[in-house]
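Below is one structure, written out as structure tokens; the observations come after it.
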Amino acid sequence: MTYTQLTARYNGFTGAPGWIRMKFFGSLTVADANTAAANFRAFLNPVTTYSPTGSSISYDSTAAIYDDEGTQTGEITLTVVPAASTGSSAVAYAGGSGAVVNWTTGAFHLGRKVRGRTFLVPLTSAAFQTDGTLLATAQTTIQGAASTFATSSPTPVVFSRKPNGSGGFSSLTAVVTGATVPDRSAILRSRRD
């Protein structure tokens with residue numbers, strides 16, 4: 001099962017850049033990729049309320065196409081690249097702390113339920129309560145955007161590739177069926193997590 005991957009770049013903070021990659025079911029046409037990119041921006045744009053001033057989330061103009069083994073087989077160029085979103089929270093932040101979106105699927109692969117995660121890091125102290133958990137309004141805002149994105153079209157997917165026990169790999173592309181945003185801070189140990 002092929003998928004198309006779009007990439008957003010989170011810049012303008014200590015430890016930048018960060019990459020946020022989302023995958024979509026099938027080999028998208030340019031028109032569908034434009035729609036997927038607009039949905040991607042609609043998901044990430046509310047996050048900038050809690051992103052540091054001077055930071056921005058921009059979107060690549062190309063979308064990569066992958067086969068069912070996770071090998072890139074081509075790319076297409078968007079004709080409508082989403083405008084960058086800029087951070088607007090002028091308060092303190094910890095460079096490795098933010099929120100996480102857990103993407104749920106109904107699929108199982110090699111005995112495990114397939115799920116994905118998107119780290120939204122960093123977020124400023126405007127997103128957190130004094131006990132270190134997410135502020136209710138921040139959690140609700142991110143949850144709403146994630147839930148809408150999870151059921152959008154083109155369909156978001158999670159790609160799972162695991163060792164199959166015989167020296168090779170087995171892969172599966174699973175349709176996203178929902179999203180949850182836990183009421184806790186998420187720590188990104190490195191930009192490559």
Side-chain angles (χ1 to χ4, degrees), residues 1-11 16-45 47 56-85 98-121 145-181 186 188-193:
M1 186 182 312
T2 61
Y3 64 88
T4 304
Q5 179 175 277
L6 297 175
T7 301
R9 298 176 189 274
Y10 195 5
N11 282 299
W19 288 271
I20 304 169
R21 294 186 171 101
M22 296 304 300
K23 298 165 179 59
F24 299 85
F25 182 78
S27 179
L28 298 184
T29 64
V30 171
D32 284 343
N34 289 337
T35 300
N39 294 343
F40 192 11
R41 185 185 190 277
F43 159 53
L44 293 175
N45 193 50
V47 173
S56 66
I57 301 174
S58 59
Y59 301 85
D60 285 2
S61 61
T62 58
I65 312 266
Y66 290 84
D67 67 15
D68 58 359
E69 294 298 320
T71 302
Q72 186 173 353
T73 59
E75 66 181 22
I76 57 175
T77 301
L78 303 179
T79 55
V80 183
V81 179
S85 303
V100 65
V101 177
N102 295 315
W103 304 107
T104 58
T105 75
F108 289 83
H109 183 219
L110 298 178
R112 294 190 147 186
K113 189 163 187 176
V114 177
R115 59 185 175 168
R117 294 187 298 178
T118 299
F119 288 92
L120 304 172
V121 175
S147 293
T148 298
F149 181 75
T151 58
S152 65
S153 181
T155 306
V157 297
V158 173
F159 179 73
S160 174
R161 186 171 190 257
K162 300 188 180 306
N164 65 11
S166 62
F169 285 87
S170 174
S171 58
L172 175 75
T173 303
V175 171
V176 170
T177 57
T180 59
V181 178
L188 190 61
R189 292 183 299 271
S190 80
R191 282 286 137 208
R192 305 301 176 260
D193 280 358

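We're numbering straight along the sequence, starting at 1. Note that the structure is a prediction, hence the values are computed from the model and not measured.
Within the 4.5 Å cutoff, side-chain heavy atoms of Thr35 are placed close to those of Pro154. A heavy-atom distance below 4.5 Å is found between the side chains of Ser170 and Leu110. You'll find the side chain of Val101 reaches within 4.5 Å of the side chain of Phe43, heavy atoms only. Side-chain contact between Thr29 and Ile76 is absent, with no heavy atoms from C-beta onward closer than 4.5 Å. Residues Arg115 and Trp103 form no side-chain contact, since every pair of their non-hydrogen atoms from C-beta on lies 4.5 Å or further apart.
There is no side-chain donor-acceptor pair under 3.5 Å between Asp67 and Thr73. Side-chain contact annotation: Asn11 with Ser58, donor-acceptor N/O pair under 3.5 Å absent.
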Between Tyr10 and Leu44, does a side chain to side chain contact (heavy atoms under 4.5 Å, CB included) hold up when you go through it step by step?
CA-CA 10 Å; Tyr10 195 5; Leu44 293 175; over 6 Å; no

Chi angles and distances behind the ring pair (Phe, Tyr, Trp, His ring centres under 6.0 Å) call for Tyr66, Phe159:
CA-CA 10 Å; Tyr66 290 84; Phe159 179 73; 7.8 Å; no

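Phe24 and Phe149 have perpendicular rings, their planes meeting at more than 60° on a 0 to 90° scale where under 30° would count as parallel.
A distance of 6.5 Å separates CZ of Arg9 from CH2 of Trp19, quoted to the nearest 0.5 Å. Between atom CZ of residue Phe25 and atom OG1 of residue Thr4 there is a gap of 10.0 Å, rounded to the nearest 0.5 Å. Summarising the geometry, atom CD belonging to Gln5 is positioned 11.5 Å from atom CG belonging to Leu28; distances are rounded to the nearest 0.5 Å. Between the CG atom of Asn39 and the CG atom of Leu6 there is a distance of 10.0 Å, given to the nearest 0.5 Å. Atom CG of Asn34 sits about 10.5 Å away from atom OG1 of Thr77, to the nearest 0.5 Å. Taken from OG1 in Thr118 to CZ in Arg21, the straight-line distance is 11.5 Å, to the nearest 0.5 Å.
Between Ala174 and Ala107, the shortest heavy-atom distance links the atoms CB-CB, 3.6 Å. Minimum interatomic distance between Gly116 and Val158 (heavy atoms only, all atoms of both residues): N-CG2, 3.8 Å. In plain terms, the two heavy atoms of Thr2 and Ser27 that are nearest each other are OG1-N, 3.3 Å. When all heavy atoms of Arg41 and Tyr59 are compared, the closest pair comes out as CA-OH, 3.3 Å. Across every non-hydrogen atom of Ser160 and His109, the tightest pair is OG-ND1, 3.1 Å. Closest heavy-atom contact between Val121 and Ala186: CG2-O, 4.2 Å.
Screening Thr104, Thr173, Thr105 for a side-chain contact (heavy atoms from CB on, under 4.5 Å) involving Val114 leaves a single residue, Thr105.
Panel note: side chain Thr7, backbone Asp60; no donor-acceptor pair is recorded below 3.5 Å.
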